[in-house]
Student: 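I'd like to ask you about the structure that follows.
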Amino acid sequence: MKLVLFRPEKLNPPLRGEQYYDRLRLNPGTNHRSEDEVKKLLAHPDYAQHSEWGAIEVIEEKPTVPKKTTVESGLDKLSEEDAQKVIEATFDIPMLEGYLAKEQRKAIVNLLNRRITELKKGNA
C-alpha cells in the first residue's frame, strides 16, 4: 500500500471534491492505494502536470516527518508545503487540534480542519 496525497485546490482550475483518473477516484487528502492502482495513476496522461502543480503526491506508507515538528513548536516555523506534509502524515487528532489552536494561515487551518474530519470519520 502507498499513500496518495491529493490536493484539489492546487489544480488549474482549482477543485473542491474528488477527481477521477480513468476509474481511479482520489478524494481530497490522504488516499490509500495498492501498488497496481498507483502504477495506473502514474501512467495517466494528466499525472505529470498535476504532480508538477503539487496536486498529487505519491509517498510511502510511512512518510518522513521533519524532526522539528511538535505541538509545542507548532507549524508556524514550517513553510506551507512542509506543514501540509506534516499534517497529512499525522494521525493523532489531539496533536492536529493543538496545531489548529496556534495556526494563523487560512490554507493550513482549512487543511487541519479537513484532516481532523477525515480522521474522525475514519477515512484516513
Side-chain angles (χ1 to χ4, degrees):
M1 284 295 240
K2 292 197 178 217
L3 294 177
V4 179
L5 301 180
F6 180 57
R7 300 176 192 105
E9 66 275 3
K10 291 192 174 192
L11 291 173
N12 188 8
L15 297 177
R16 290 185 155 228
E18 74 269 350
Q19 173 78 12
Y20 287 87
Y21 293 89
D22 293 328
R23 293 186 178 196
L24 178 65
R25 183 177 87 180
L26 293 181
N27 293 315
T30 305
N31 296 268
H32 296 273
R33 295 292 177 238
S34 69
E35 295 288 332
D36 291 337
E37 290 174 322
V38 170
K39 285 178 186 177
K40 289 178 185 176
L41 177 64
L42 294 174
H44 193 276
D46 292 336
Y47 175 79
Q49 182 62 57
H50 292 183
S51 177
E52 186 177 314
W53 289 337
I56 301 176
E57 184 178 353
V58 177
I59 58 176
E60 295 300 319
E61 185 67 39
K62 295 185 178 181
T64 57
V65 178
K67 292 180 182 177
K68 61 182 179 179
T69 59
T70 63
V71 175
E72 295 80 28
S73 67
L75 299 172
D76 57 337
K77 295 189 179 7
L78 297 176
S79 69
E80 191 169 310
E81 186 175 313
D82 287 341
Q84 287 178 347
K85 289 179 182 179
V86 170
I87 292 166
E88 295 295 343
T90 303
F91 292 89
D92 184 11
I93 294 173
M95 181 179 284
L96 290 170
E97 289 171 341
Y99 291 150
L100 184 60
K102 295 179 182 180
E103 188 56 51
Q104 300 294 320
R105 296 171 285 185
K106 184 169 177 75
I108 301 300
V109 168
N110 291 340
L111 183 62
L112 282 163
N113 284 324
R114 185 174 72 211
R115 182 68 175 152
I116 290 168
T117 302
E118 277 180 357
L119 291 171
K120 286 182 178 179
K121 288 183 178 179
N123 295 336

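All values reported here derive from a predicted model rather than from experimental measurement.
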Student: Got E118 and T30 here, is their nearest side-chain heavy-atom distance under 4.5 Å?
Tutor: yes
Student: Identify the two heavy atoms, one from A83 and one from I108, that lie closest to each other, and give their separation to 0.1 Å.
Tutor: CB-CD1, 3.9 Å
Student: Mind checking whether L3 and L42 sit in one hydrophobic cluster, side chains of I, L, V, M, F, W, Y counted as touching below 4.5 Å?
Tutor: no
Student: Roughly how far, to the nearest 0.5 Å, is CE of M95 from OG1 of T90?
Tutor: 6.5 Å
Student: Check the pair Q104 / D76 against side chain to side chain contact (heavy atoms under 4.5 Å, CB included), numbers first and verdict last.
Tutor: CA-CA 8 Å; Q104 300 294 320; D76 57 337; over 6 Å; no
Student: R115 and E88: which non-hydrogen atoms are nearest, and at how many Å?
Tutor: NH2-O, 3.2 Å
Student: E80: what forms a salt bridge (Lys or Arg N to Asp or Glu O under 4.0 Å) with it, not counting sequence neighbours?
Tutor: none
Student: Evaluate the side-chain proximity of L75 to K102: yes if any heavy-atom separation is below 4.5 Å, no if none is.
Tutor: no
Student: Find the distance between NE2 (H44) and NE2 (H50) and round it off to the nearest 0.5 Å.
Tutor: 8.5 Å
Student: Is the shortest heavy-atom distance from the side chain of K40 to the side chain of L24 under 4.5 Å?
Tutor: no
Student: How long is the straight-line distance from NZ of K2 back to NE2 of H32, given to the nearest 0.5 Å?
Tutor: 14.0 Å
Student: Is any side-chain heavy atom of L111 closer than 4.5 Å to a side-chain heavy atom of R114?
Tutor: yes
Student: Would Y47 end up clustered with I59 when hydrophobic side chains under 4.5 Å apart are linked, directly or stepwise?
Tutor: no
Student: With a 3.5 Å cut-off and sequence neighbours excluded, list the donor-acceptor pairs that the side chains of residues 5-18 form with protein atoms.
Tutor:
| from | atom 1 | to | atom 2 | distance (Å) |
| --- | --- | --- | --- | --- |
| R7 | NE | Q84 | OE1 | 3.4 |
| R7 | NH1 | G54 | O | 3.1 |
| R7 | NH2 | E57 | OE1 | 3.4 |
| K10 | NZ | Q84 | OE1 | 3.3 |

Student: Which residues satisfy the salt bridge (Lys or Arg N to Asp or Glu O under 4.0 Å) test with E103, sequence neighbours excluded?
Tutor: R105
Student: To the nearest 0.5 Å, tell me how far I116 CD1 sits from I87 CD1.
Tutor: 9.0 Å
Student: If you measure from CG on D36 to CG on L41, what distance do you get to the nearest 0.5 Å?
Tutor: 12.5 Å
Student: Could you give the distance from CZ (R25) to CG (N31), rounded to the nearest 0.5 Å?
Tutor: 8.5 Å
Student: Given side chains that start at C-beta, do those of V4 and Y21 come closer than 4.5 Å, heavy atoms only?
Tutor: no
Student: With sequence neighbours left out, write down each residue that passes side chain to side chain contact (heavy atoms under 4.5 Å, CB included) with N110, or none if nothing qualifies.
Tutor: K106
Student: Residues in side chain to side chain contact (heavy atoms under 4.5 Å, CB included) with E81, at least two apart?
Tutor: S79, K85
Student: Would you say that L96 contacts D92 through its side chain, given a criterion of any heavy-atom pair below 4.5 Å between the two side chains?
Tutor: no
Student: A side-chain contact here means heavy atoms from C-beta on lying under 4.5 Å apart; do R33 and L26 qualify?
Tutor: yes
